[in-house]
Student: 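Have a look at the structure that comes next, please.
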Amino acid sequence: MHPSMPSETERTLAIRHALVAWFLREGKDYPWRRTTDPWAILVSEIMLQQTTIPTVLGRYEAWLRQYPTPAHLAAASEEEALRSWEGLGYYRRVRSLQATAKAIAERHGGIFPQSPDDLRQLPGIGDYTSGAVLSFAYNIAAPIVDANVSRVQARLDNDPTPIDSTEGRKRHWKRAAELLDPDNPRAYNSAIMELGQTYCTPTSPDCLLCPCREHCLAENPASLPVKTPRPETLEETHHDILCLTGRGILMELQTNGRHLGMYRLPRRTADETRGMRKLGTQKYGVTRYKITRLLYQAPPDTEPRATETFVSLDALPSIPMASPDRKIILKHLPQGN
DNA sequence: GAGCCGTGGTG
DNA sequence: TCACCAAGGCT
C-alpha cells in the first residue's frame with residue numbers, strides 16, 4: 001500500500017477519533033444528555049422520532065415530570081396519555097410507549113430491560129431506538145442509524161446507494177458498527193448525530209468547519225444522500241361542523257384504527273352543510289395530504305350521530321384530539337376558552 | 001417492502 | 001408560499 005494512502009481501517013479510526021474529540025469539546029447540552037436513566041432516555045428517543053429537537057425541548061421535561069417512571073405511565077388512562085402527547089403527532093408512539101411501560105412494570109418486574117433482544121420485543125422500539133437506549137443509557141457498544149447517521153456516512157464514503165433501499169440500510173448499519181467507538185459508544189453515537197445536525201446538514205453542509213473534512217470523500221456533499229422520491233401530495237377538502245349548545249360542543253369520538261379514542265369535529269358531506277353559515281377555512285398538512293377544512297356553524301338542535309357526543313367546555317381541555325382540531329375550536333369558541 | 005402516520009420549523 | 005425535512009416503526 002502507498003505510504004501516504006491511509007488504509008480503510010486507519011481512515012475509520014481517524015473518523016471515529018475526530019468525531020469523539022469534537023463532540024467532547026463542543027457537544028451540546030440537552031436534558032436527555034444529563035441523565036443515564038433508561039426511562040428518561042427512552043422517552044427522549046420516542047419523542048425525537050421524526051420530530052425536531054426544538055419541539056421536543058418544549059415538551060420533554062414537563063412530560064417526564066408527569067410520568068417520571070414506567071409505572072406512572074402504566075397507571076395513566078389511555079385518554080390522559082394521548083392528551084399528554086397532543087401536538088407531538090404520530091400518536092401511535094405514545095400508545096406503544098404506554099404498552100412498553102406496562103410490559104416493564106408487569107413482565108420485567110419494573111426493571112428496565114438491558115439486552116437488545118428484550119428491548120426489541122417492546123412495542124415501538126425498533127433497531128434505532130434499541131441501539132440508542134443501549135448506548136446512551138448503559139454505554140453499551142450498540143450502533144445506531146438514523147437520518148443523520150446515514151447522511152453523514154453517505155457523504156464520508158461518497159456512497160450513492162439510496163439510504164432508504166434495502167441495500168442502503170444494510171450498508172449503513174454495517175458501517176455504523178465499524179465506525180462506532182467501542183470504548184465510548186455513548187459519545188460516539190451522540191457525536192455522529194450531532195454532526196448531522198450542525199455541520200453535515202441536509203441542504204447546505206458547512207464543510208469548512210467540519211471536524212471530519214480531512215477524511216470526507218464526498219465530491220458533491222449536498223447531492224448526498226440519495227433517497228427515493230417522496231409520494232405525491234394529495235389535496236382533500238373536509239366539511240366539518242361546529243355545534244355549540246348548552247350541553248357543550250358536539251365532537252366525534254373516533255372508533256377506528258390510528259385515531260381510536262381521539263376526538264375530532266363532526267364531519268359532514270358538502271351537501272349536508274348546505275345552508276349552514278360558514279365560519280372559516282383552515283389549511284394544514286397531514287403526512288402526504290394537504291387538507292382544506294371548511295368549518296360550518298350547525299344548528300343547536302343537531303342530532304348527534306352514533307359516535308358523536310356533546311363535550312362540556314370544562315372537559316374540552318382534557319380530551320385528546322389532533323392539533324388542528326384544537327386550534328380551530330379554540331379560535332371559534334367564545335373568548336377562546 | 002411500499003405505504004402509512006402529525007406536526008412545526010425552515011430556506 | 002410551499003416543499004422539504006426531522007434522534008422511525010409497523011403492517
Side-chain angles (χ1 to χ4, degrees), chain A residues 27-28 30-33 40-60 82 85-97 99-100 119-137 142-152 162-170 172-173 176 186 188-198 200-205 222 225 227-235 254 256-260 262 264 282-291 320-327:
Chain A
K28 289 191 170 64
Y30 294 123
W32 45 89
R33 286 190 180 153
I41 299 290
L42 175 63
V43 169
S44 74
E45 293 304 334
I46 300 295
M47 279 193 182
L48 285 161
Q49 286 173 8
Q50 304 293 284
T51 307
T52 58
I53 288 174
T55 299
V56 173
L57 280 176
R59 303 287 297 272
Y60 176 67
L82 283 168
W85 206 259
E86 196 177 297
L88 290 170
Y90 286 131
Y91 296 97
R92 184 172 59 189
R93 293 186 295 176
V94 74
R95 296 183 201 274
S96 298
L97 188 56
T100 280
L119 282 172
R120 284 294 278 103
Q121 293 288 88
L122 297 169
I125 300 186
D127 289 331
Y128 165 79
T129 305
S130 168
V133 170
L134 291 169
S135 60
F136 296 143
I144 54 175
V145 175
D146 73 330
N148 290 302
V149 173
S150 50
R151 181 175 61 256
V152 170
I163 58 170
D164 46 9
S165 66
T166 302
E167 172 67 11
R169 288 197 185 94
K170 199 170 144 189
H172 283 292
W173 277 98
R186 178 184 288 137
Y188 176 82
N189 281 343
S190 299
I192 190 165
M193 285 199 294
E194 185 151 324
L195 189 78
Q197 294 151 10
T198 53
C200 200
T201 58
T203 54
S204 56
K227 55 177 84 170
T228 59
R230 302 197 145 204
E232 164 186 22
T233 61
L234 304 174
E235 298 202 24
Q254 294 169 275
N256 60 335
R258 324 180 285 282
H259 298 299
L260 177 68
M262 297 181 71
R264 76 172 185 205
Q282 181 186 33
K283 291 178 183 291
Y284 62 95
V286 180
T287 63
R288 60 186 293 223
Y289 294 93
K290 197 163 76 178
I291 312 251
M321 67 184 83
S323 277
D325 288 71
R326 178 84 60 192
K327 285 176 189 165

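In what follows, chains carry the letters A, B, and so on, assigned in the order in which the sequence lines appear, proteins first and then strands, with residues in each chain numbered from 1. What's counted below: heavy atoms across the whole structure, side chains too, no hydrogens, waters or symmetry copies.
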Student: Give, for atom CD1 of A:Ile192 and atom CG of A:Asn148, the distance between the pair rounded to the nearest 0.5 Å.
Tutor: 8.5 Å
Student: Quantified in whole Å, what is the P atom distance between nucleotide B:dG3 and nucleotide C:dA7?
Tutor: 23 Å
Student: Using modelled atom types only, decide if a donor and an acceptor are shared between the side chain of A:Arg92 and the backbone of A:Gly124 within a distance under 3.5 Å.
Tutor: no
Student: Looking only at side-chain N and O atoms, does A:Glu45 offer a donor or acceptor that is under 3.5 Å from a partner on A:Tyr128?
Tutor: yes
Student: Looking at every non-hydrogen atom in both residues, tell me the closest pair between A:Ile125 and A:Ser130 and how far apart they are.
Tutor: CG2-N, 3.6 Å
Student: Checking all strands, does A:Asn189 fall into the base, sugar-phosphate, or nothing category for heavy-atom contacts under 4.0 angstrom?
Tutor: nothing
Student: Give me the residues of residues 144-152 of chain A where at least one heavy atom lies under 4.0 Å from an atom of DNA chain C, by number, or none.
Tutor: A:Asp146, A:Ala147, A:Asn148, A:Arg151
Student: Take A:Trp32 and A:Phe136, measure what ring pair (Phe, Tyr, Trp, His ring centres under 6.0 Å) needs, and give me the verdict at the end.
Tutor: CA-CA 9 Å; A:Trp32 45 89; A:Phe136 296 143; 9.9 Å; no
Student: Looking across every strand, which nucleic acid part, if any, lies under 4.0 Å from A:Arg288 by heavy atom: base, sugar-phosphate, or nothing?
Tutor: sugar-phosphate
Student: Rounding to an integer number of Å, can you tell me how far A:Leu97 CG sits from B:dC5 P?
Tutor: 21 Å
Student: Judged by each residue's nearest nucleotide on DNA chain C, which is more toward the 5′ side, A:Leu48 or A:Lys290?
Tutor: A:Lys290
Student: When every nucleotide of nucleotides 6-11 of chain B is labelled 5' to 3' by its protein contacts under 4.0 Å (heavy atoms), B for base, S for sugar-phosphate only, - for none, what sequence of letters results?
Tutor: BBB---
Student: Do A:Leu82 and A:Met262 have side-chain heavy atoms sitting under 4.5 Å apart?
Tutor: yes
Student: For A:Ile53 and A:Arg120, find the nucleotide of DNA chain C closest to each by heavy atoms; which residue's nucleotide sits nearer the 5' end?
Tutor: A:Ile53
Student: Mind listing the closest non-hydrogen atom pair of A:Ile41 and A:Ala132 along with its distance?
Tutor: CG2-O, 4.3 Å
Student: Quick one: label A:Thr166 by what it contacts on the DNA or RNA (base, sugar-phosphate, nothing), any heavy atom closer than 4.0 Å.
Tutor: sugar-phosphate
Student: Measure the shortest side-chain to side-chain distance between A:Arg288 and A:Arg230 over non-hydrogen atoms and say whether it is less than 4.5 angstrom.
Tutor: no
Student: For A:Ala142, what residues pass the side chain to side chain contact (heavy atoms under 4.5 Å, CB included) criterion, not counting sequence neighbours?
Tutor: A:Leu134
Student: Reading DNA chain C 5' to 3', which nucleotide is the first, and which the last, to come under 4.0 Å of any heavy atom in chain A?
Tutor: C:dC5 to C:dC10
Student: Report which part of the nucleic acid A:Lys283 touches: base, sugar-phosphate, or nothing (heavy-atom distance under 4.0 Å, all strands).
Tutor: nothing
Student: Partners of A:Tyr289 by ring pair (Phe, Tyr, Trp, His ring centres under 6.0 Å), sequence neighbours excluded?
Tutor: none
Student: Pick the P atom in C:dG9 and in B:dG9, then give their distance to the nearest Å.
Tutor: 24 Å
Student: Under the rule for salt bridge (Lys or Arg N to Asp or Glu O under 4.0 Å), what residues qualify as partners of A:Lys327, not counting sequence neighbours?
Tutor: none
